[in-house]
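As the structure is a prediction and not an experimental result, all values here were calculated from the model. The chains referred to below are lettered A, B, ... by the order of the sequence lines, with proteins before strands, and numbering in each begins at 1.
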Amino acid sequence: MAETRIEKDTMGEIAVPSDRYWGAQTQRSLKYFQAGAGRDTMPRELIKAFGILKKAAALANVELKLLDKERGDLITQVANEVIAGKLDDHFPLVIWQTGSGTQTNMNVNEVISNRAIEIAGGVMGSKKPIHPNDDVNKAQSSNDTFPTAMHIAAVEVLSAVAEAVKELKQTLEVKARANADVIKIGRTHLMDAVPLSLGQEISGWAKMLDNDLQRIAVTLPHLYELALGGTAVGTGLNTHPEFAVKAAVKIAALTNQPFVSAPNKFEALAGHDALVFAHGALKTLACSLMKIANDVRWLASGPRAGLGEISIPENEPGSSIMPGKVNPTQSEALTMICAQVLGNDVALNIGAASGTFELNAFKPLMIHNFTHSAKLLAKGAEASTQHRS
Amino acid sequence: MKKSLMLVTALNPHIGYDNAAKIAKKAHAEGTTLKEAALALGLVKAEDFDKWIKPEEMITPGM
């Protein structure tokens, strides 16, 4: 490190790079947790979600007269910067840290605290006028903020998946109509069967995606339930009785999504079945896409010694030694994405099944895999729509 | 339950996270109760401690 300043937490002093807003706890996390450094960092969607919930919490606490307006305004101003992505370089922590995501919650608290102090003309690290725990984290615990951020992030990435799948579905519906009269031989068990039209065959693919969209929509209501207000174990210790509902209403307004306060905070901290169910819909989508992509590449096989029933785009040279070769690369990328999503599902299931007593401590793993799957599927479906014949 | 150091969490809104941590750490290091540590550090008065640390009042929101 070139220039440093001294930050303090309850463990003592530690040097932090002067040009970073994070504090002592973030710096300790960087020291103790290096697996995945620079690669498996917390998803941008989760950091943005944290900005939204810190803003909502500050606004609720000001209304409840537990935080003065000046402090509330400072926290809100910096939370807006977090939401806009202006402070992304100040969130370096990896997934493979504490299972509650406490270090990331504190990373957010520290960055908001120090940036607010800078705006207020104070001394970074002094925790005055904005304390990371007492002000930014007021009426909150990592145990309720992290799962709240997980649900906000999950809803955001799912809407991107739904949009991309909808477009692919519509593209297939157009193809189905255009090929309604192209009669071909059907195949069962890979062997010749009775005839159908190419349009009929493609309509089956479109309907699979239509069903997947409906399944994704069904998972949303549980994801709309937010843990915020449960604090450390779900009881709501150190919160105002109206805090949970007020904060959820503000998050709903900020995101334009129908988020509500979870009816049972013990479930919201200890069980993440909503994410399992929603990833189940992504897993199902992956199964659909893998079948469709495999059919496409088989039907396009050849050009002289394959099935050769359909043609797919010739986007790039397929071989370094065989001149003129073209391969079904979009299908290959998409089927690899689907395989990855099925693998992500296994890890996410193990994480969700491994909660103990009042907390699930596999939270970063779960949201990492969830956002990874959703982003891959959204881009994969988008590419299949764009790079079609 | 009454021996648990994490009852100290109820002091956060009154004396701040950093002071509450000092109490928990001192009690842990010296094998004392939270109350003994709090009084020794002069961070909380005995009557306030008894008023603020009540497990039966820690199971609901109550700020």
Side-chain angles (χ1 to χ4, degrees), chain A residues 7-13 23-25 57 60-61 63-67 102 105-106 109-110 113 125-144 228-247 261 265-266 357-359, chain B:
Chain A
E7 285 273 350
K8 269 189 238 170
D9 61 11
T10 58
M11 296 287 166
E13 297 186 342
Q25 294 194 46
N61 281 322
E63 277 183 26
L64 295 166
K65 303 199 183 314
L66 292 171
L67 187 67
T102 296
N105 181 38
M106 283 309 303
N109 291 334
E110 289 175 343
S113 160
S126 68
K127 307 189 183 185
K128 290 170 188 166
I130 300 292
H131 192 290
N133 299 85
D134 296 333
D135 300 315
V136 188
N137 202 55
K138 183 180 278 295
Q140 302 151 66
S141 162
S142 305
N143 299 352
D144 65 346
L228 196 59
T231 63
V233 299
T235 57
L237 175 68
N238 292 353
T239 67
H240 186 285
E242 293 168 34
F243 173 77
V245 169
K246 249 185 206 303
S261 185
K265 303 296 189 298
F266 308 103
F357 304 125
E358 275 61 70
L359 190 71
Chain B
M1 180 192 69
K2 290 192 171 173
K3 286 185 188 166
S4 170
L5 295 175
M6 287 308 102
L7 293 175
V8 80
T9 307
L11 297 179
N12 283 358
H14 305 288
I15 62 171
Y17 177 95
D18 294 328
N19 284 327
K22 283 178 197 161
I23 294 170
K25 281 175 174 280
K26 183 178 172 68
H28 177 52
E30 298 174 7
T32 69
T33 63
L34 282 174
K35 188 174 179 179
E36 286 163 343
L39 296 180
L41 288 167
L43 288 167
V44 185
K45 286 189 238 162
E47 62 264 36
D48 284 338
F49 188 94
D50 294 336
K51 194 168 65 186
W52 293 333
I53 304 271
K54 285 186 179 164
E56 65 275 20
E57 290 181 10
M58 289 173 70
I59 65 164
T60 53
M63 289 304 301

Nearest atoms (heavy-atom pairs only) where B/Pro61 meets A/Pro241: CB-CA, 3.7 Å
Cross-chain donor-acceptor list, chain B and chain A, 3.5 Å limit, no angles:
residue: B/Thr9; atom: O; partner: A/Asn238; partner atom: ND2; Å: 3.0
residue: B/Tyr17; atom: N; partner: A/Asp134; partner atom: OD1; Å: 2.8
residue: B/Tyr17; atom: N; partner: A/Asp134; partner atom: OD2; Å: 3.4
residue: B/Asp18; atom: OD2; partner: A/His131; partner atom: NE2; Å: 2.6
residue: B/Gly62; atom: N; partner: A/Thr239; partner atom: O; Å: 2.9
residue: B/Met63; atom: N; partner: A/Thr239; partner atom: O; Å: 2.9

Enclosure of B/Ile59 CD1 (heavy-atom neighbours >12, cutoff 6.0 Å): no
For chain A, which residues of residues 35-47 of chain B have heavy atoms nearer than 4.5 angstrom: none
